[in-house]
Amino acid sequence: MKNIVTARAHTNIALIKYWGKTDIALNIPTTSSLSMTLEPFYTTTSVEFTDNESDSLILNSAMEDSSRVSKFLEMMRGQYGNFPKVMIQSENHVPTAAGLASSASSFAALTAAMFGLLDLEKDDSEMSRIARRGSGSASRSIFGNFAVWNKGENHQSSFAESFYNKDIGLSMIVAEISSEKKKMSSTKGMQLAQTAPTYGAWVEKSAIQLAEMKQAILQADIEKVGLIAQDNALGMHEQNRLCLEPFDYFTSETQRVVDFTKECYKAGLLAFVTIDAGPNVKIITDHATEKILLIKLKAEFPELTFDIARAGGAYEYL
Ligand code: 2P0
């Protein structure tokens, strides 16, 4: 066994969202989902065995609460046999402070690093299953470019796979909107959303949209990709507003960026939104339009920070 193993995984943004579970403990989703892995945002994680009495986590050079990763490592001990305590050092290159999720890249990088440390076979499906146990969306971050997480119905059948490895010219502009609002965790948010009377209809529509999305990607039809992704994401946020204890990740600034993006599309630009469990907006466009759109966005929202992201690669060892 190696002494120390370092792996990197990129975060991903879903074009067809995961928003609900049929099994909370195993992270089995109510819908299959499809994402693009982003090149500029990633987590680098090193793992090594230690004589310490507990697993530990150093995140961005600071000691962190290790309970969530320790639970994850206990799950791995259950799957693969007992192993010593682990010291984890992780660097997040994801603007987490602005609410861009990092659990996807974090658990994908940790999974890859642990597979290296334990000398397990580097089977993508198995790595995806294990990453899923840490955080559902991490199942997709094992892969580069586009990944589909087929929902499955139990641990064995629920994992992601690479969908399409060519660059179709899709770009995302991430608008970082900081929020004073208390954040609702994804796990809790999904649970509430599932109580919306329209939730079943959203799930049914999602299956149709996934099929359409796959076709649009294969045809490199960015307009179709954007229109479907936008409808799917706005539908997800509707469930949050319609559930038994309504909540909303949108701030007024989120809504302004959404409205402005829709205006840009009406004016003839390729511009669509997708939004996750926070106030940030990811604007879907293409490589040819990204700079023009960025100039317009910066002029309209001088107070915001924008990052352009293109498709990134699969996990790798460093
Ligand atoms: C997604 N999100 O498909 C959806 C869309 C946020 C909105 O997956 O409970 O951190 O750890 O499995 O993966 C974020 O949820 O949730 C997420 P858990 P996760 O990307």
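Everything quoted here is computed from the prediction, not taken from an experiment.
Formation of a donor-acceptor pair under 3.5 Å by the T285 side chain with backbone atoms of L270 is found in this model. A donor-acceptor pair is defined here as one N or O able to donate and one able to accept, closer than 3.5 Å; no such pair exists between the side chain of S66 and the backbone of V69. Using a distance-only test at 3.5 Å, with no hydrogens or angles considered, no donor-acceptor pair links the side chain of N240 to the main chain of D248. Side-chain atoms of S70 never come within 3.5 Å of backbone atoms of S67 as a donor-acceptor pair (strictly under, hydrogens ignored). Between the side chain of N145 and the backbone N or O of Y164, at least one donor-acceptor pair lies under 3.5 Å. When atom types are taken as modelled, the side chain of Y315 and the backbone of D124 share no donor-acceptor pair closer than 3.5 angstrom.
Within the cation-pi definition used here (under 6.0 Å to the ring centroid, within 45° of the axis), R241 qualifies as a partner of F250.
A distance of 10.0 Å separates CD1 of I58 from CD1 of I88, quoted to the nearest 0.5 Å.
Linking ILVMFWY residues whenever their side-chain heavy atoms come closer than 4.5 Å, directly or via other members, places M114 and L120 in the same cluster. Under a hydrophobic-cluster definition in which Ile, Leu, Val, Met, Phe, Trp and Tyr are linked whenever side-chain heavy atoms come within less than 4.5 Å, directly or via other members, L218 and M213 are assigned to the same cluster.
Contact check on K71 versus E74 returns no salt bridge, with no Lys/Arg side-chain nitrogen under 4.0 Å from an Asp/Glu carboxylate oxygen. Ion pairing between E238 and K205 fails under the 4.0 Å rule for side-chain N and carboxylate O.
No side-chain donor-acceptor contact under 3.5 Å links T37 and N12. No side-chain N or O of S105 forms a donor-acceptor pair with one of S102 less than 3.5 Å apart. Judged by distance alone, the side chains of H287 and S171 do bring a donor and an acceptor atom under 3.5 Å apart. Side-chain contact, Y199 with T30: a donor N or O sits under 3.5 Å from an acceptor N or O.
Screening Y18, F163, F159 against W149 for a ring pair (Phe, Tyr, Trp, His ring centres under 6.0 Å) leaves a single residue, Y18.
Closest approach of R77 to K85, counting heavy atoms only: NH2-CA, 3.5 Å. Of all heavy-atom pairs spanning E176 and N280, the tightest one is CA-OD1, 3.3 Å.
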For this session: Determine, stepwise, if the pair V258 / Q230 fulfils side-chain contact (heavy atoms from CB on, under 4.5 Å).
Result: CA-CA 10 Å; V258 171; Q230 179 168 284; over 6 Å; no
